[in-house]
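Take a look at the structure set out below.
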Amino acid sequence: MVFSDCSSATTARFLPFNRSRLPADSAVNIGRVVGPLQWRLPNPVSLQARSTLAVHSWSSPSLVINATMGTGTSAKVIDGKAVAKQIRDEITAEVSRMKDAIGIVPGLAVILVGDRKDSATYVHNKKKACESVGIKSFEVRLPEDSSKQEVHNHIAGFNEDPSVHGILVQLPLPSHMNEQSVLNAVSIEKDVDGFHPLNIGRLAMRGREPLFVPCTPKGCIELLHRYGINIKGKRAVVIGRSNIVGMPAALLLQREDATISIVHSRTPNPEDITRQADIIISAVGQPNMVRENWIKPGAVIIDVGINPVEDAKSPRGYRLVGDVCYEEACKVASAVTPVPGGVGPMTIAMLLSNTLSSAKRLHNFK
Ligand code: NDP
């Protein structure tokens, strides 16, 4: 498949998705497997090229991050790397407060079945991220030909283990295993990925609260919050309707009182719908699909897509781009997430945050 490469005005070949191609520091579980800045949508605000902006935060209201302008344009770069670092620092402080107060350290258990290198890398990165904030990690590695029963036994063990507060089954599982049945076996109280149908069901229902929200969509909303971007009453379009990103992202935006449309592969003329949006979240997996003429002036763009495209100039032979043509979006949007460095770092930060919340809830620690 060949897409126009909007950064170089040449064409780039989309490499069929293969997570093992991604750099080892791509910490996400991609594919199959989470004084406010005054933005008034839809009008872009003019700020100096590099200004220091106070950012909304629940626990550290004085935190400040730098906002840079997108390439040659009016759009601000939403810096997921910087926000994720803030969140990890906050988690580190909370983990230490909890340990000092009640002697409990949050614990995350990861189950990896099979020998996919990419999955092993993701598990390794999650372990490293846990260590960096003081969360204890537990790991089980099972051979490719393990039985479903073996996986269920480990899940049951972690469900019962009081030192484990979050359980994550690394996806994809080998083809002989039923992913749904394995995920359903994780206790809803330790479902830090937020994929359990009960958690998704609660997310969808008014008056019900999920115990956990899937990490990537939660990270998207957190970015909007931390940049002080108003969601209430705005028109939002989510491109993509997967169980792990698009659908929960739409449910979250709806909970925030946005008016939502969902665009998917069967939507005719998607650009007619996205052009009406104050906020676009794109989770498709098609490089540079969202072009300038898809975007309403002043809109905020959250690009979840991570797509490797051929790049002879890169030592790896490829580079990563989003679903959104970044340079074009920068010309018309008021704010945009880069790829990499936007949503990706937020996914792991939200996993750590979910694990901490779980430990607090299970030990009734405020
Ligand atoms: P899925 O393949 O599960 O879902 C893709 C969605 O996009 C589907 O709903 C599909 O529609 C829709 N779609 C496909 N083609 C088009 C099109 N031409 N126009 C409109 N909609 C289309 O992918 P995921 O949700 O798992 O991931 C999406 C992207 O996000 C990927 O690039 C992935 O790598 C990335 N990702 C990034 C993460 C991060 O941390 N940054 C985490 C997870 C994913 P339909 O339902 O009709 O098939």
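Order of listing sets the numbers, starting from 1, for every ligand and every atom in it. Basis for what follows: all heavy atoms, side chains included, without hydrogens, waters or symmetry-related copies.
Relative to the six-membered ring of Tyr122, Arg116 misses at least one condition, a distance below 6.0 Å or an angle of at most 45° to the axis.
Shortest non-hydrogen contact noted between Gly342 and Thr337 is CA-CB, 4.0 Å. In terms of heavy atoms, Glu179 sits closest to Leu173 at OE2-N, 3.4 Å.
For atom 22 (C) of ligand 1, the choice among Ser242, Ser265, Gly219 with the nearest heavy atom turns out to be Ser265. Around atom 29 (C) of ligand 1, the closest heavy atom drawn from Pro340, Pro345, Gly285 belongs to Gly285.
Residue Ile306 has at least one N or O atom closer than 3.5 Å to an N or O atom of ligand 1. Where the criterion is an N or O separation shorter than 3.5 Å, residue side chain and backbone included, Arg241 meets it with respect to ligand 1.
Counted within 6.0 Å of CD on Glu189, heavy atoms from surrounding residues, nucleotides or ligands total 12 or fewer; the atom is thus considered open. Under a cut-off of 6.0 angstrom, the local environment of NZ in Lys148 is sparse, with at most 12 non-hydrogen atoms contributed by other residues, nucleotides or ligands.
Below 4.0 Å from some heavy atom of Gln286 lie the following atoms of ligand 1, by number and element: 15 (N). Residue Asn307 has at least one heavy-atom neighbour below 4.0 Å for each of these atoms of ligand 1: 32 (O). Within the listing of ligand 1, atoms 40 (O), 41 (N) sit less than 4.0 angstrom from a heavy atom of Gly344. Residue Ile244 approaches ligand 1 through these ligand atoms, each under 4.0 Å from one of its heavy atoms: 26 (O). For ligand 1, the atoms lying closer than 4.0 Å to a non-hydrogen atom of Val304 are 30 (O), 35 (C), 36 (N), 37 (C), 38 (C), 41 (N). Every atom of ligand 1 is numbered from 1 in the order shown, and the set under 4.0 Å from a heavy atom of Met289 is 17 (C), 18 (N), 19 (N).
The shortest heavy-atom distance from Met346 to ligand 1 is not under 4.0 Å. Residue contacts with ligand 1: Gly246 is excluded, as none of its non-hydrogen atoms falls under 4.0 Å. Look at Pro270 and you'll find every heavy atom at least 4.0 Å from all atoms of ligand 1.
At a heavy-atom cutoff of 4.0 Å, ligand 1 is contacted by no atom of Asn243, backbone or side chain.
Here Asp311 pairs with Arg319 in a salt bridge; the nearest charged N to carboxylate O distance falls below 4.0 Å. Salt bridge status for Glu131 with Lys128: absent, with no side-chain N to carboxylate O gap under 4.0 Å.
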Practice item. Output, in order, the C-alpha distance, side-chain angles, deciding distance and verdict of side-chain contact (heavy atoms from CB on, under 4.5 Å) for Val164 and Leu108. Key: CA-CA 6 Å; Val164 170; Leu108 174 69; over 6 Å; no
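In this structure, Ser357 contributes its side chain and Ser353 its backbone to a donor-acceptor pair below 3.5 Å.
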